[in-house]
There are 2 protein chains.
Amino acid sequence: MVFDTEKFIPGQSVDCVIVGFDKEGLKILILRWKLVGLWGLPGGFVLKSEDLDKAATRVLNERVGISLPFLQQFHTFGKKDRRANETRFSHLSKMQVPQTFLDWFGQRFISTGYVSLVNLNDCDPKPDHLSDLIHWCPLHELPDLIYDHSSIVEGAIDFIRNQINYLPIGRRLLPEKFTMKELQQLYESILEKKLDRGNFQRKMLKLGIFIRHEKHLEGGAHKAPYLYSFDGDKYDALLKKGIGFAS
Amino acid sequence: MVFDTEKFIPGQSVDCVIVGFDKEGLKILILRWKLVGLWGLPGGFVLKSEDLDKAATRVLNERVGISLPFLQQFHTFGKKDRRANETRFSHLSKMQVPQTFLDWFGQRFISTGYVSLVNLNDCDPKPDHLSDLIHWCPLHELPDLIYDHSSIVEGAIDFIRNQINYLPIGRRLLPEKFTMKELQQLYESILEKKLDRGNFQRKMLKLGIFIRHEKHLEGGAHKAPYLYSFDGDKYDALLKKGIGFAS
DNA sequence: ACAAAAGTGTTTATAATACACCCATGA
DNA sequence: TCATGGGTGTATTATAAACACTTTTGT
């Protein structure tokens, strides 16, 4: 076996919904399991002497190479049959796999779901030893995922939408410099509704957490937009009270 | 031993923050452990073939005799030392307690916290086999609780405050019939701030989820207030969208 | 008739919404 | 110069907040 099951707490796992954003919209990081060719979320187990949060941080670091990620627990999935419903694994037992592996993966797991907001450009996604492919998949084009991972993603998105004013949405998902339009599109992707351009811009700028830079240069037969970045300290201070967006 | 540790998932527990309300304010149900004389939250373990939510429901039913409780998971507490920090248990090992018991309680537990909103009048609190006293304690008079239970309560209250518009606050915490003043005091207890009487009343009544009954009769040298109850269907329908209160 | 608390109304301030106007840019 | 999209302004509406007035009741 590739890992030593003795080191981990049995029956306890973490699953990470790693969210990115680019001009196409929100993306979720998924990976394909070698043995069965099915897609799932990056996840892992909890070391016997490791904080639960730490386990999630470790998974994230191993998977996308981000060492100080934004990571927040949102729900613990504890249905007794949440893995038993997965029939696509059943042939595995007939394969040439060590019994300890089968025993470990055959147990019931209670899994805690974490959301991470990352900047796609800062990521260096790497498959793990169980997976052969890793993919930033547009949220609305996700394939069927193993186990209950599809509903874990759904829970994560609901959580983000619900907590939108208290999560570092812009700061974590956008690159250092961005245009107001990009920020607006980000909020629109999450809320899945159009926002008024003028009102959004005014409301945002009134928050006083932006630094305005030189003009955008690149193409487009139109007025070039300003580039903004966040004033980190002011952003963090305001986030505690909630960063309201134009609803 | 009083229970068979073989039946339960090792290392996994649930803790319930059971919240009630009366004219004195918010109350939390706590119980005192026989062996050590310390107060803690009602909690329990998860059967090997039982949903996590079901375990919490079972604990609640056993503790306050409510069979269809409002119960919602809010956070999973997974710090590796969340129980190890409790030194007041250390003498237990010297006592006359079965080794299986010590082994079980000595493990690291990852515990999922649940909030329950109950009507004090409908409750019939019963201590369990490990506790000798059960007590509805005013939120702001809570004693030191074992392990990290104090921070679990804190997390629960933060959760309620945060989700106040999406939780059946009035419906679950108040008796069938209540006055507007009682409803207002309930919101004030949770938010820990005074609300304007007139604005609160108007905003609430505009929601259209109330049924107005005959006049209150009992004492007080003043105008008797109306009694209200909730229109259950309308309440539930509105709750999904959020029941806004006067902030 | 008075105090106390309930019910209701009024005014003002603030924020949300819709939409209009002008400006800069590259084709 | 024209189309496109950016930046900003304005009018309207809705909501929040503060507080005043009236009503009912028991003493």
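Order of the sequence lines sets the chain letters (A, B, ...), proteins ahead of strands, with each chain counted from 1.
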A.B. asks: Which distance, rounded to the nearest 0.5 Å, do you find between the NZ of A:Lys241 and the CG of A:Asn165?
C.D. replies: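 Answer rounded to 0.5 Å: 13.5 Å.
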A.B. asks: Would you mind reading off the distance between A:Phe178 atom CZ and D:dG6 atom P, rounded to a whole angstrom?
C.D. replies: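 That distance rounds to 15 Å.
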A.B. asks: Salt bridge or not between A:Lys23 and A:Glu182? Use side-chain N to carboxylate O under 4.0 Å.
C.D. replies: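 No salt bridge links A:Lys23 with A:Glu182.
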A.B. asks: When the distance from NZ of A:Lys194 to P of C:dC19 is rounded to whole Å, what number comes out?
C.D. replies: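 A:Lys194 atom NZ is separated from C:dC19 atom P by 16 Å.
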A.B. asks: Can you name the one residue among A:Leu31, A:Leu120, A:Val118, A:Leu29 that meets side chain to side chain contact (heavy atoms under 4.5 Å, CB included) with A:Pro125?
C.D. replies: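 Only match with A:Pro125 under side chain to side chain contact (heavy atoms under 4.5 Å, CB included): A:Leu29.
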A.B. asks: Using whole Å, what does the distance between atom P of nucleotide D:dT15 and atom CG of B:Leu207 come to?
C.D. replies: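 One finds 12 Å between P of D:dT15 and CG of B:Leu207, rounded.
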A.B. asks: Rounding to an integer number of Å, can you tell me how far A:Leu195 CG sits from C:dA18 C1'?
C.D. replies: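 Atom CG in A:Leu195 sits about 14 Å away from atom C1' in C:dA18.
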A.B. asks: In residues 166-176 of chain A, what donor-acceptor pairs under 3.5 Å come from side-chain atoms, sequence neighbours left out?
C.D. replies:
residue: A:Arg171; atom: NH1; partner: A:Asp236; partner atom: OD1; Å: 3.0
residue: A:Arg172; atom: NH1; partner: A:Leu68; partner atom: O; Å: 3.3

A.B. asks: Reading nucleotides 4-13 of chain C from the 5' end, what letters show protein touch, with B for base, S for backbone sugar-phosphate only, - for no heavy atom under 4.0 Å?
C.D. replies: BBBBBBB---
A.B. asks: Please give, in whole Å, the distance from D:dG6 P to A:His213 NE2?
C.D. replies: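 A:His213 atom NE2 is separated from D:dG6 atom P by 18 Å.
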A.B. asks: Working to the nearest 0.5 angstrom, can you tell me the gap between B:Ser67 OG and B:Asn61 CG?
C.D. replies: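 The CG atom of B:Asn61 is 6.0 Å from OG of B:Ser67, to the nearest 0.5 Å.
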A.B. asks: Is it the case that the ring center of A:Phe210 lies less than 6.0 angstrom away from the ring center of A:Phe230?
C.D. replies: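 Judged by ring-centre distance (under 6.0 Å), A:Phe230 and A:Phe210 do meet the cut-off.
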A.B. asks: Roughly how many Å is it from CZ in B:Phe200 to P in D:dA18, rounded to a whole number?
C.D. replies: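 The distance from CZ of B:Phe200 to P of D:dA18 comes to 16 Å, rounded to the nearest Å.
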